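Here is the structure we will look at, set down as structure tokens.
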Amino acid sequence: MVNDKSHGSRIFDSANIILMLFISILCLLPLWYTFCVSLSDKTAAAGGIVGLFPVGFNLSAYKTIMKESAFFNSLWISLQRVVGGTIVSISTTVLLAYPLSKTKRELPGRNILMWILVFCMLFNGGLIPWYITMQGLHLTNNIWGLILGGGVQVFNVILVMNFVRNIPKSIEEAALVDGAGPWRTLFEVVLPISLPVLATVTLFTIVYHWNEFFQGLVLMSTQDKYPLQTYIQQLVVVVSTSNITKEQAEKMGKLSNQTLNSAKIFIAMVPVLMIYPFMQKYFITGITLGAVKE
Amino acid sequence: MRNSFVKHYYIMMIPGFLLLLLFNIIPMFGIVIAFKDFNPGLGILQSEWVGLENFQYMFSLKDTLSILYNTFFIATLKIIGNLIVPLIFALLLNEIRHIKFKGAVQTIVYLPHFLSWVILSGILLDIFAYKGPVNSIRAAMDLGPIVFFAQAKLFPFLITGSDVWKEFGFNAVIYLAALTGIDESLYEASAIDGARRMKRLWHITMPGIRTTVVLLGVLALGNVLNAGFDQVFNLYNPSVYSTGDIIDTWVYRIGLLGMQYSLATAVGLLKSAVGFVLIIISYIMAYKFADYRIF
């Protein structure tokens with residue numbers, strides 16, 4: 001890094017640091033605010049007094065949630081979705097990516113298959129046909145609808161495929177010489193080397209399944225089948241947006257339980273916040289790893 | 001020896017292609033609903049064929065022009081915001097020399113990208129609520145409170161602003177990676193020649209990342225019909241439909257909830273088709289300008 005010693009340069013550096021601090025705070029503040037509201041007194045929250053710190057610190061919102069079975073029910077559904085969905089997603093992705101990483105000669109028909117995949121990534125039939133298909137497959141009101149409904153994430157397949165293509169041929173050839181067939185080569189040689197890209201894709205998939213709310217809304221007809229994000233969406237967001245005129249907002253202020261809502265939102269954030277430090281390491285390299293290098 | 005492997009490769013791909021077939025490909029055939037008067041009772045095949053009637057009806061609705069305009073407007077605002085803000089941020093962050101501070105800032109700013117719009121909408125609606133902190137600040141400045149998310153005129157900008165806030169950190173990663181790819185010795189040579197910060201920025205940094213910027217811009221064009229369903233759906237309400245209703249939210253409300261399946265499929269088909277063409281164009285341009293390929 002080149003160092004300018006001029007006066008103007010130093011002022012810029014200081015201003016830049018302050019700006020970066022400000023931006024960082026701007027990113028964290030809304031999350032912190034929600035946390036504070038969740039720990040505040042109910043009337044203080046409704047009255048809009050809560051600022052940078054909780055007002056009237058108490059844990060009643062969290063205690064209420066502990067007793068609310070609907071919340072835990074939705075949480076459980078989300079967990080099932082994340083585990084099931086990630087396993088299905090990653091396994092199908094890998095099983096597609098490995099053969100497709102082979103050349104046209106090693107895998108006849110490879111190019112056609114790639115075009116089919118890419119076409120599916122770029123074009124889809126729309127919401128209504130998808131919904132009717134799900135109905136036809138009896139996957140509405142069913143956890144498998146949530147697990148399978150997203151189909152194949154072609155982007156992930158391409159990411160893994162490009163990574164595998166960049167693995168030196170000599171490694172696979174060594175396995176071949178040792179008498180390994182395609183399955184053994186995949187599981188014992190390719191997968192261990194591909195851990196970085198697999199970790200990246202897995203983490204992104206986990207976050208995707210955790211955050212997804214719309215499929216839950218469309219496929220499930222009763223609240224007791226909603227995953228967590230859909231549950232929160234219906235209870236918190238819909239209520240907020242339906243009470244949007246001034247008069248209604250005044251009335252809602254007296255009725256709504258902002259501390260409870262904030263607590264639910266905060267709890268829904270926690271898993272992502274926990275995985276997040278691990279993702280850091282992977283996603284920067286992961287994005288570049290999957291790029292075509294030629 | 002390899003020939004016997006081919007059978008196994010195909011076996012490996014069965015689960016993936018089965019999933020693709022069921023959930024990506026079969027729904028595509030549902031497009032025919034756009035050309036029929038779909039009656040759920042009769043099923044797709046038995047419903048009456050009406051040709052382009054649904055499309056004609058679509059263009060006669062006054063809603064149609066509105067949702068198209070809103071979609072383009074919001075999507076364009078977002079494309080501009082999501083290209084410029086991360087770039088400026090990356091350039092500024094790149095000037096920070098304290099590595100740990102730089103790393104800490106990066107870690108913090110990527111975070112909103114990973115939170116869902118359900119969560120962020122809950123938070124934003126609370127912050128911009130009638131009795132929320134933003135209005136409290138307005139009160140402190142002797143300004144009257146506004147119900148922010150009920151203002152149709154403000155809505156597209158609130159959407160764009162919050163989206164840029166959510167994504168700028170993540171989007172900056174690509175720019176930062178490109179910035180580290182610029183040869184250090186170029187900077188040093190220019191410093192010896194007496195170039196100061198602005199000159200270095202203009203003559204070394206900008207040309208160095210020009211390809212990346214163009215690439216991201218071109219790729220973004222393919223998305224100009226995706227104004228962000230998850231976000232708009234969670235933040236909108238009837239007061240802002242006039243500026244906030246986009247193609248996807250309209251299709252959901254009128255098509256799924258309102259059960260006008262044929263009409264909504266027609267609209268969805270149009271969107272998918274136009275989007276497809278735009279994306280192909282953008283990929284071709286990306287390949288020509290920046291040698292970018294996905295596979």
Side-chain angles (χ1 to χ4, degrees), chain A residues 1-2 4 9 16 20 23-24 27-28 30 33-34 47-48 92 95-96 98-99 106-108 114 120 122-133 148-149 151-152 158 182-183 207 211 213 229 232-233 236-237 240-242 244 246 249 253 258 261 265 268-269 272 276 280 284 288 292, chain B residues 2 5-6 8-9 12-13 15-16 19-20 23-24 26-28 30-31 33 92 95-97 105 107-109 111-112 114-116 118-119 121-123 125 127 130-132 136 147 149-150 173 177 187-188 191 196-197 234 237 239 251 255-256 261 264-265 268-269 272 276 279 293-295:
Chain A
M1 198 84 245
V2 179
D4 274 345
S9 202
N16 201 13
M20 290 298 140
I23 292 177
S24 304
C27 285
L28 289 178
Y33 171 73
T34 302
T92 51
L95 289 175
L96 276 177
Y98 177 61
E106 290 168 322
L107 182 73
M114 276 312 297
C120 289
L122 302 178
F123 181 81
N124 68 76
L127 175 62
I128 309 292
W130 176 81
Y131 178 66
I132 293 180
T133 307
L148 301 172
V152 173
I158 292 181
W183 296 92
V207 172
N211 282 343
F213 84 96
Q229 300 281 341
I232 292 181
Q233 204 261 350
V236 176
V237 175
S240 290
T241 55
S242 63
I244 209 75
K246 266 191 245 182
Q258 260 159 294
N261 292 340
I265 289 176
M269 266 200 268
V272 174
Y276 180 63
Q280 267 256 73
I284 307 176
T288 46
V292 175
Chain B
R2 290 276 178 166
F5 284 12
V6 173
H8 290 281
Y9 291 150
M12 279 182 193
M13 294 193 285
L19 216 62
L20 196 75
F23 299 102
N24 295 71
I26 287 187
M28 286 185 203
I31 289 172
I33 296 175
L92 286 173
E95 296 288 323
I96 303 272
R97 269 168 259 136
V105 171
T107 305
I108 292 175
V109 299
L111 180 56
F114 294 103
L115 299 174
S116 74
V118 171
I119 291 181
S121 298
I123 296 178
L125 289 168
I127 292 182
Y130 191 60
K131 289 240 167 110
S136 301
V147 187
F149 279 95
V173 173
Y187 286 115
E188 287 160 19
R196 296 242 303 263
R197 212 190 287 262
N234 280 306
N237 59 79
S239 319
V251 166
L256 203 62
Y261 294 129
T265 308
L269 173 59
S272 295
F276 180 69
I279 292 184
R293 295 156 49 184
I294 1 171
F295 72 95

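Just so we're on the same page: letters track the sequence lines, and every chain starts at 1. This one's a predicted model, so the numbers in the text were calculated from it and none came from an experiment. Below, all heavy atoms of this structure are taken into account, side chains as well, without hydrogens, waters or symmetry copies.
- A distance of 5.5 Å separates CE in A:M20 from CD1 in B:I96, rounded to the nearest 0.5 Å.
- Between chain B and the residues A:I128, A:T133, A:L28, A:V272, the most heavy-atom pairs under 4.5 angstrom are made by A:I128.
- Only the side chain of A:T34 has a heavy atom closer than 4.5 Å to any heavy atom of chain B.
- Of the listed residues (A:I23, A:V207, A:N211), the greatest number of heavy-atom pairs within a distance under 4.5 Å of chain B belongs to A:N211.
- Side-chain contact between B:F5 and A:E106 is absent, with no heavy-atom pair separated by less than 4.5 Å.
- Interface check for chain B: of the options A:T92, A:V152, A:I232, the most heavy-atom pairs under 4.5 Å are formed by A:V152.
- Within the 4.5 angstrom heavy-atom criterion, only side-chain atoms of A:L127, from C-beta onward, approach chain B.
- Shown here for B:I119 and A:M269, the closest heavy-atom pair between the two residues is CG2-CG, 3.6 Å.
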Given B:R97 and A:N16, is the side-chain contact (heavy atoms from CB on, under 4.5 Å) satisfied, shown in steps?
CA-CA 11 Å; B:R97 269 168 259 136; A:N16 201 13; over 6 Å; no

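- Of the listed residues B:V118, B:I26, B:V251, B:V105, the one with more heavy-atom pairs under 4.5 angstrom with chain A than any other is B:V118.
- Of all heavy-atom pairs spanning A:L95 and B:M12, the tightest one is CB-O, 3.2 Å.
- Every residue two or more places apart in sequence or in another chain was checked for a side chain to side chain donor-acceptor pair (under 3.5 Å) with B:S136, and none qualifies.
- The backbone N or O of B:L111 lies less than 3.5 Å from a partner atom in the side chain of A:Y276, making a donor-acceptor pair.
- Listed by chain and residue number, nothing satisfies the side chain to side chain donor-acceptor pair (under 3.5 Å) test with B:T265 (two or more places apart in sequence, or in another chain).
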Take B:M28 and A:C120 through the side-chain contact (heavy atoms from CB on, under 4.5 Å) test and state the conclusion after the steps.
CA-CA 9 Å; B:M28 286 185 203; A:C120 289; 3.8 Å; yes

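- Nearest approach of B:P27 to A:P129, heavy atoms of both residues: O-CB, 3.0 Å.
- Residues B:I123 and A:Y33 form no side-chain contact, since every pair of their non-hydrogen atoms from C-beta on lies 4.5 Å or further apart.
- For A:F213, the part sitting under 4.5 Å from any heavy atom of chain B is the side chain, from C-beta outward, and nothing else.
- With a 4.5 angstrom heavy-atom cutoff, B:L19 touches chain A via backbone and side-chain atoms both.
- Between B:S116 and A:Q229, the shortest heavy-atom contact is OG-OE1, 2.7 Å.
- Only the side chain of B:I33 comes within contact range of chain A, with heavy atoms under 4.5 Å apart.
- Comparing B:I31, B:L269, B:T107 by heavy-atom pairs within less than 4.5 Å of chain A, the highest count is held by B:T107.
- The contact between A:I265 and chain B is made by backbone and side chain atoms together, counting heavy-atom distances below 4.5 Å.
- Taking 4.5 Å as the limit, some side-chain heavy atom of B:F23 sits within range of a side-chain heavy atom of A:L148.
- Checked by atom type and distance alone, the side chain of A:N124 never pairs as donor or acceptor with a backbone atom of B:N24 at under 3.5 Å.
- For B:R196 and A:S9, the side-chain atoms include no donor-acceptor pair closer than 3.5 Å.
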